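Take a look at the structure set out below.
This structure is a prediction, so every number in the text was calculated from the model and none was measured. Atoms considered below: every heavy atom in the structure, side chains included; atoms not considered: hydrogens, waters and symmetry mates.
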Amino acid sequence: MSSSSSATVTHLDVEAVKAYLMSLQDHICASLESLEPSVRFHEDAWDRPNGGGGRTRVIANGAVIEKGGVNFSHVMGDKLPPSATADRPELAGGRFEAMGVSLVIHPNNPMAPTSHANVRLFIVYKDDMAPVWWFGGGFDLTPYYGFDEDCVHWHQTAHDAVAPFDESYYSRFKTWCDDYFYLKHRGEPRGVGGLFFDDFNEGSFEHCFGMMKAVGDAYTKAYMPVLARRKDLPFTEQQRDFQLHRRGRYVEFNLVFDRGTHFGLQSGLGRTESILMSLPPEVRWTYDYQVAADSEEAKLTDYYLTSKDWLNLAG
């Protein structure tokens, strides 16, 4: 949690956040559908007895997207799960309200990267303290066969989204993203990073909400040009096999480390099918899987999944 002082809920325009998140879901789905010749997102609206609910939207078996989900949820609960209080034990036992948009897109083509984005607002209510709020989110890119052009564009878009709010944000949130999306048991990053921030309440609510909106709006600016460039490139069965093995790393991270997945499953308020929509439809694990040295497959871990200043790559 930030060391900044928290604002009370009476100063928050929660309905404005909810309206933005639902419109963001609409915008992202329409943008992705613009590249698909026939399939569309299927919406599954769901409700909870306490008034919470959401809109799960899934697209599958498209010419471009093998599986993707763009979800909106707004849930409330009487007790925070352990995943939400690990870094803030004083909030244990508090009631909460959470809303956000979360998405994962798995393209068919191994030359096109998987992408993930999330933006959210979290509020905690506890009798012995003032209500606490914070924003979180970001977006990250997971290529299988990397392209410098794509990585530079992704990170430049990330920088340009947050720089108007504070020039230090990109560097901070890039480092946070690299540290968070890291498979400790594999000793490697999940992808080439992007932005990640959590427990964010620096400055006014308007400042934080504005920054979150900028990140949400930047996702399609970052991803759509990359997907459009790579979706129709030729690929081989060997490259498809490599993609399926690398997707295994994605599954491992989401199930073992991801705080959002843990929160949704532990709270009992999320919808399991919606939470697990991030998992790819096909994935492969082979015992002691190895790729040939100095191959295009090896270049992923030897070059792309290493720490880089993508904004100054030529230097």
Side-chain angles (χ1 to χ4, degrees), residues 58-69 82-83 86 102-118 139-148 150-151 154 177-194 196 226-227 230-231 233-266 270 272-308:
V58 176
I59 193 168
N61 303 316
V64 176
I65 301 171
E66 187 172 358
K67 181 186 176 187
S83 60
S102 180
L103 68 98
V104 178
I105 303 299
H106 294 289
N108 283 299
N109 196 315
M111 302 299 155
T114 287
S115 68
H116 161 260
N118 176 278
F139 50 74
D140 63 284
L141 194 69
T142 304
Y144 306 99
Y145 293 88
F147 297 86
D148 285 5
D150 297 347
C151 298
W154 182 264
C177 187
D178 291 341
D179 291 343
Y180 179 75
F181 292 105
Y182 188 82
L183 285 82
K184 300 178 181 67
H185 62 288
R186 297 284 189 181
E188 65 183 38
R190 187 173 81 172
V192 297
F196 180 83
V226 173
L227 186 58
R230 308 304 168 199
K231 65 183 179 67
L233 292 180
F235 63 90
T236 66
E237 282 301 313
Q238 177 186 338
Q239 290 168 331
R240 169 66 171 174
D241 179 74
F242 180 66
Q243 177 197 43
L244 296 183
H245 278 93
R246 293 303 307 182
R247 280 179 175 178
R249 304 288 205 266
Y250 205 93
V251 172
E252 289 171 20
F253 180 87
N254 278 26
L255 295 183
V256 177
F257 298 111
D258 188 68
R259 287 175 58 186
T261 301
H262 293 173
F263 171 79
L265 297 176
Q266 290 175 3
T272 301
E273 285 298 311
S274 301
I275 297 165
L276 298 181
M277 67 84 197
S278 64
L279 304 182
E282 291 191 41
V283 63
R284 189 167 294 162
W285 283 274
T286 300
Y287 181 77
D288 198 27
Y289 176 75
Q290 303 287 338
V291 299
D294 300 321
S295 63
E296 285 300 306
E297 290 75 24
K299 188 176 181 180
L300 177 67
T301 51
D302 294 347
Y303 175 77
Y304 284 99
L305 301 188
T306 59
S307 180
K308 281 188 172 50

Using the ring of Y303 (Phe, Tyr or Trp, six-membered ring only), decide whether K308 places NZ or CZ under 6.0 Å from its centre and within 45 degrees of its axis.
yes
Contacts of N118 meeting side chain to side chain contact (heavy atoms under 4.5 Å, CB included) (sequence neighbours excluded), chain-then-number -> S102, H116, R120
Heavy-atom pair of closest approach, residues G194 and C177:
N-SG, 3.5 Å
For N61, I'd like to know if atom CG has over 12 heavy atoms of other residues, nucleotides or ligands within 6.0 Å.
no
Hey, could you give me the CG/CG distance between L227 and D150, rounded to the nearest 0.5 Å?
10.0 Å
Partners passing side chain to side chain contact (heavy atoms under 4.5 Å, CB included) against E252 (at least two apart in sequence or in another chain):
L183, H185, R186, R249, W285
Check the angle between the aromatic planes of H245 and Y289 and answer parallel, tilted or perpendicular using the 30° and 60° thresholds.
parallel
Report the distance from atom CD of E296 to atom OG1 of T236, rounding to the nearest 0.5 Å.
11.0 Å
Apply side-chain hydrogen bond (donor to acceptor under 3.5 Å, both in side chains) to T142 and list each qualifying residue two or more places apart in sequence or on a separate chain.
none
Partner residues of K67 under the side chain to side chain contact (heavy atoms under 4.5 Å, CB included) criterion, sequence neighbours left out
P281
Which pair of non-hydrogen atoms, one from V104 and one from T114, has the smallest distance, and what is that distance?
CG1-CG2, 4.2 Å
Identify the two heavy atoms, one from P143 and one from L300, that lie closest to each other, and give their separation to 0.1 Å.
O-CD1, 3.4 Å
How long is the gap from CZ on R246 to OH on Y144, to the nearest 0.5 Å?
9.0 Å
Qualifying residues under ring pair (Phe, Tyr, Trp, His ring centres under 6.0 Å), relative to F196, sequence neighbours excluded:
W176, Y180, F181
Contacts of type ring pair (Phe, Tyr, Trp, His ring centres under 6.0 Å), residue Y182, not counting sequence neighbours:
none
